[in-house]
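Side chains are part of it too, since the values below use all heavy atoms of this structure and drop only hydrogens, waters and symmetry mates.
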Amino acid sequence: MNRAALLVLADGRFPAGGHAHSGGAEPAVEAGRIRNAEDLAAFCRGRLHTTGLTSAALAAAAAHGLDPLALDEAADARTPSPALRAVARKLGRQLMRAARATWPSPELAALAAARPRGAHQPVVLGLTARAAGLGPEDAAHCVAYETVSGPATAAVRLLSLNPFEATAVLARLAPELDRVAEQAAAAVHHGIDALPAASAPLLDVTAEAHAAWPVRLFAS
């Protein structure tokens with residue numbers, strides 16, 4: 001295992017476009033559901049155990065070597081919001097560019113050719129982890145961390161939240177991140193149909209509304 005590669009892949013400065021997305025935090029702030037660090041922690045925890053678990057399992061499955069095209073279809077089925085499907089594919093396309101420049105592999109090239117408009121980001125991330133010499137649990141950890149770090153970073157900008165408080169939220173969630181990553185990695189041994197399909201309907205609803213906003217700070 002190349003642990004240093006995991007640090008590179010999980011680094012927020014990796015040029016995959018995630019900094020432009022709030023993970024649902026922007027509409028949550030606008031609706032008054034995130035007002036402080038305590039609210040942020042609750043939001044991140046809910047996101048982690050629903051869409052975060054689902055995405056982490058998809059990434060782990062791709063890193064394990066399951067069919068990425070079938071996983072991409074499974075990701076579509078697990079993403080009821082058209083807006084979020086579009087975001088996932090846009091982020092997947094951006095990640096693919098960065099991944100192929102950093103860890104080129106035949107599997108990444110094949111997926112890029114099969115999905116020129118972009119595959120779902122967790123699937124691309126899993127294949128990227130595989131190309132970097134990482135395993136399923138590494139890929140799941142990366143996705144789980146992205147699930148909560150995106151909203152935390154966005155909340156700092158949206159609320160002028162103290163960044164120390166936002167970082168403390170992430171640190172306190174660390175044990176739950178580990179458990180979600182372990183659960184996601186364990187699921188890959190039972191096949192694609194058995195992967196988690198947890199969802200967060202409110203995130204789907206607010207994503208559709210957010211996509212129609214004429215002015216917004218984040219793309220999603």
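Note on Leu173 and Val156: separate hydrophobic clusters, where clusters join Ile, Leu, Val, Met, Phe, Trp and Tyr whose side-chain heavy atoms are under 4.5 Å apart, directly or indirectly. A single hydrophobic cluster is not seen to contain both Leu125 and Leu84; linkage of ILVMFWY side chains at heavy-atom distances under 4.5 Å, directly or through other members, places them apart. Hydrophobic clustering (ILVMFWY, side-chain heavy atoms < 4.5 Å, transitive): Leu91 and Phe218 are in distinct clusters. Hydrophobic clustering (ILVMFWY, side-chain heavy atoms < 4.5 Å, transitive): Leu48 and Tyr145 are in one cluster. Both Val124 and Trp103 belong to a common hydrophobic cluster when Ile, Leu, Val, Met, Phe, Trp and Tyr are linked at side-chain heavy-atom distances under 4.5 angstrom.
Remark: side-chain polar atoms of Thr54 are paired, donor with acceptor, to backbone N or O of Thr50 under 3.5 angstrom. A donor-acceptor pair under 3.5 Å is formed between the side chain of Arg47 and the backbone N or O of Gly23. Although no hydrogens or angles enter the test, the distance criterion places a donor-acceptor pair under 3.5 Å between the side chain of Asp138 and the main chain of Gly135. Between the side chain of Glu26 and the backbone N or O of Leu217 there is at least one donor-acceptor pair closer than 3.5 Å. Between the Thr79 side chain and the Arg85 main chain, no donor and acceptor come within less than 3.5 Å of each other. Under a 3.5 Å cut-off, the side chain of Arg78 and the backbone N or O of Leu195 do form a donor-acceptor pair. Using modelled atom types, one side-chain atom of Thr206 and one backbone atom of Leu203 make a donor-acceptor pair closer than 3.5 Å.
Considering only heavy atoms from C-beta on, Arg93 comes within 4.5 Å of Lys90 through its side chain. Put simply, the side chain of Thr128 does not reach to within 4.5 Å of the side chain of Met96, judged on heavy atoms. Counting only heavy atoms from C-beta outward, the side chains of Ile34 and Leu161 never approach each other to under 4.5 Å. Side chains of His49 and Val180 form a contact here, defined as non-hydrogen atoms less than 4.5 Å apart. Residues Leu58 and His120 form no side-chain contact, since every pair of their non-hydrogen atoms from C-beta on lies 4.5 Å or further apart. Side-chain contact between Leu40 and Asn36 is absent, with no heavy-atom pair separated by less than 4.5 Å. Using a 4.5 Å heavy-atom threshold, the side chains of Arg89 and Arg117 count as separate. Looking at Thr153 and His19, their side chains never come closer than 4.5 Å, going by heavy atoms from C-beta outward.
Closest non-hydrogen pair, Val169 versus Ala37, comes out as CG2-O, 3.7 Å. Across every non-hydrogen atom of Ala171 and Pro175, the tightest pair is O-CD, 4.2 Å. Taking each heavy atom of Ser81 and Ala207 in turn, the nearest pair found is OG-CB, 4.1 Å. Scanning all heavy atoms of the two residues, the minimum distance from Val143 to Ala56 falls at CG1-N, 3.5 Å. In terms of heavy atoms, Ser22 sits closest to Ala154 at CB-CB, 3.6 Å. The minimum heavy-atom distance linking Ala181 with Ala140 is given by the pair O-CB, 3.7 Å.
Side-chain N/O atoms of Glu146 and Gln121 include a donor and acceptor closer than 3.5 Å.
Partners of Ala219 under the side chain to side chain contact (heavy atoms under 4.5 Å, CB included) rule, at least two apart in sequence or in another chain, are His21. Checked against side chain to side chain contact (heavy atoms under 4.5 Å, CB included), Gln183 has the following partners two or more places apart in sequence or in another chain: Leu53. Every ring-ring contact (aromatic ring centres under 6.0 Å, His included) that His189 has, sequence neighbours left out, goes to His64. By the side chain to side chain contact (heavy atoms under 4.5 Å, CB included) test, Ser105 pairs with Glu107, Leu108, Ala131, sequence neighbours left out. Shown here are the ring-ring contact (aromatic ring centres under 6.0 Å, His included) partners of His210, two or more places apart in sequence or in another chain: Trp213. For Pro80, the side chain to side chain contact (heavy atoms under 4.5 Å, CB included) partners two or more places apart in sequence, or in a different chain, are Asp204.
Going from atom CG of Leu177 over to atom OG1 of Thr147 covers 8.5 Å, rounded to the nearest 0.5 Å. Summarising the geometry, atom CD belonging to Glu30 is positioned 9.5 Å from atom CG belonging to Leu158; distances are rounded to the nearest 0.5 Å. Note that CG of Leu134 and NE2 of His141 are 12.0 Å apart. Values are rounded to the nearest 0.5 Å.
In summary, Asp39 and Arg33 do not engage in a salt bridge, as defined by a charged side-chain N under 4.0 Å from a carboxylate O.
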Margin query: Go through it in stages, so that I can follow the logic: the residues are Thr51 and Ser199, the test is side-chain contact (heavy atoms from CB on, under 4.5 Å), and I'd like the CA-CA distance, side-chain angles, deciding distance and then a yes or no.
Written below: CA-CA 5 Å; Thr51 58; Ser199 64; 5.5 Å; no
Margin query: Under the criterion side-chain contact (heavy atoms from CB on, under 4.5 Å), I'd like the reasoning laid out for Asp11 against Leu7: C-alpha separation, chi angles, the key distance, then a yes or no.
Written below: CA-CA 6 Å; Asp11 193 331; Leu7 299 178; over 6 Å; no
Margin query: Could you walk me through whether Arg115 and Leu69 satisfy the side-chain contact (heavy atoms from CB on, under 4.5 Å) test, starting with their C-alpha distance in whole Å, then the side-chain angles of each, then the deciding distance to 0.1 Å, before giving a yes or no?
Written below: CA-CA 9 Å; Arg115 294 287 189 272; Leu69 294 179; 3.7 Å; yes
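Heavy atoms from other residues, nucleotides or ligands lying under 6.0 Å from CZ of Phe43 number more than 12.
Exactly one of Leu71, Asp67, Leu66, Leu95 qualifies for a side chain to side chain contact (heavy atoms under 4.5 Å, CB included) with Val123. That residue is Leu71.
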